[in-house]
Amino acid sequence: MRFSQAFIPTLKEKPAEAEIPSHTLMIRSGMLRKLGSGIYSYLPLAKKVINYIETIVREELNAIGCQEILMPVLHPRELWEMSGRWNVYGPELMRLTDRHDREFALGPTHEEVITLIAKYDIKSYKQLPINLYQIQTKFRDEIRPRFGVMRSREFIMKDAYSFHKDKKSLKKTYDDMYKAYSRIFARCGLKSVAVEADVGAIGGSSSHEFMVLAETGESEVLHCKCGYAANLENAKITALDCNEHEEMKQLEKVSTPDRKSVEEVSAFLGVLPKKLIKTIVYKAGDNFVAILIRGDREINPVKVANFLQCVNLEFATEDEIAEFTKSTAGFVGPVGKKNIKIYADLNLKGTKNMITGVDEKDYHYRNVNLERDVHIDAWQDFIQAENGDKCPRCGKAMSSFRGIEVGQIFQLGDKYSTAMEATYDAENGSAVPYQMGCYGIGITRTMAASIEQFHDKDGIIWPISISPYDVELINLSPSDEDITEFCDNVYELLQDEFIDVLYDDRDEKAGFKFKDADLIGIPIHIIVGKKNFENEMVEIKIRKTGEKTTCAFDDILNKISSLIDTLYEEIDKNVT
RNA sequence: CGGGAUGUAGCGCAGCCCGGUAGCGCGCUUCGUUCGGGACGAAGAAGUCGCCGGUUCAAAUCCGGCCAUCCCGACCA
């Protein structure tokens, strides 16, 4: 493509709307334009990247026996009522009404549609397993779209769904998909990690998220050298140190005037925050529960919600605390409490002589021993893991990193097939709901994640496997007929070898073209200028390293081919 | 939805407090000079000042309402 003919509207200045590098650079490099909050147009450079990512995805999925289909974006309300999700999915479901007042959703995901397809056309165990996927625009009415295409309301997603006669077959496909996903992100040139993820309300037995490592990632991940990695909200906690060897002392009520917070109380009583027990009152549906955790730790609401099997978990208000627990916010305590369920974090088991509220303003108890003084309805892991916590597998300290979630895989089980009465006939003739798996990759988010992972102060650095072009050919002297004729020939030569070239033939100054080339981030630049031309040489620059070498005219094709091979080899060595 | 901010030419911004002529930089068009890291000069095109209403002789500017966008939070099967 000649740059003079290409639609690549680059910008010199940082757009006001963008905050993070990928968003800024996609706009500046002429890839992306905004239509509304969380709604974007993808211009030619972006579309080419999307195509390359999609091609890798298709190749890897087809290789493990997946088949591509295309399902509707528009979903009738009745379909979503079959699964019960018309009401459950909530305001994130983009809804609309047609001229006949019939209601529809714009598909945020396609479990319902695919399950319906299976229900009618996959009738025998002989047809199983089967794995179907599509690449399509998805709609989610995000409460707050953010960071360009990172969290947008309309985005391109690959979604796959597998159907099985039993869990064993599901597990096999799940493992195949896990490997395929690892290969896909590696082939895209990205450093990614699979982490244990929360299955949450979707149910099922197992789920992994694939995270691309990047400082600006929205998710925090804890990982261990032994290979364990988990989303922070899902990371299990192993035993924290506790003071179990102390002798139990007599319960003692002490005055703590106006000291409410852990910091205030621990400072006032001269003890470490971990000697305190926080009593947190939640409203779970119509019930109130108290959760006890150590004073120096934060509660993990995801763990609480999963334990309680509750979708709408909220903190109790001060008024609700007063009414339903007969207590005072800031001084709530578990001792003697009988009217609500009390659940304690596992790390409190065995602790001795702790400090809690008294349910009375301005007083706390010293020397609370939960097993002696409180009726605990259940012990459970409730707290948020932190950097430095011990690995639940090997016990060594874990460290944290930030990442961007680019894919997630689930073993769904029979949740949707049962809800929608989608069954196959087994060997013995009985109708059995399918075991299902579902598997997503955010295509447009993967593109943004690549930029987050690979950029510098000058612009984007594309991995060659998803770069919009392999090579940018820069003619520094477009007014010079000899040089221009030479560049035209190089352009032809490379194209004849199926090397995808962006040819900057514009009548602009050298600096202008260099800036644009660095911004756009094509991995290899061929620079043709007067001085080198007189010596029958061109300059070759590697965008990633900034390294520049010269190359004789005769050697250009060889040199470029071998550079491209090298760049691919660097990527392929990480593909397992 | 709570908190904060912004809306003026394609982009980035000033002007608003203190009402009266709409301005700067980039980009765009034309011409000339320049030509290896976002050149210079000259000429030019381009704006219902987010929308609606109010106050006023007069509103980008003051007042009210609405809309949109961005950031923090809640949220993210």
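Every value quoted in this text rests on a predicted model; they were computed, and no experiment measured them. These numbers come from the heavy atoms of this one structure, side chains and all, not from hydrogens, waters or symmetry mates. Throughout, protein chains are lettered first and strands after them, A, B, ... in sequence-line order, and every chain is numbered starting at 1.
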Euclidean distance, atom CD1 of residue I143(A) to atom P of G73(B) [Å, nearest integer]:
13 Å

Assert yes or no for the condition that the ring centre distance of H110(A) to Y161(A) is strictly below 6.0 Å.
no

Would you say the ring centers of Y439(A) and Y181(A) fall short of 6.0 Å from each other?
no

Separation of atom NZ in K515(A) from atom C1' in G36(B), rounded to whole Å:
13 Å

Considering only atom C1', compute the distance from A14(B) to A60(B) and round it to an integer number of Å.
12 Å

Polar side-chain contact E508(A)-G38(B) base: donor and acceptor under 3.5 Å
no

Before accepting this row, confirm whether a basic side-chain N of the pair D345(A)/R297(A) lies closer than 4.0 Å to the acidic partner's carboxylate O.
no

Please report the distance, rounded to the nearest Å, between CG in D159(A) and P in A77(B).
15 Å

Quiz item: R140(A) side-chain donor-acceptor pair to C76(B) base, under 3.5 Å:
no

Atom-pair distance (CE on M150(A); P on C71(B)), nearest Å:
12 Å

Rounding to an integer number of Å, can you tell me how far Y40(A) OH sits from U69(B) P?
10 Å

Any N or O donor-acceptor pair linking the side chain of K12(A) to the base of G10(B) at under 3.5 Å?
no

Less than 3.5 Å between a donor and an acceptor, one on the side chain of R146(A) and one on the base of G73(B), is that the case here?
no

Using the side-chain heavy atoms of E19(A), tell me which of these nucleotides is nearest: G12(B), C71(B), A77(B).
C71(B)

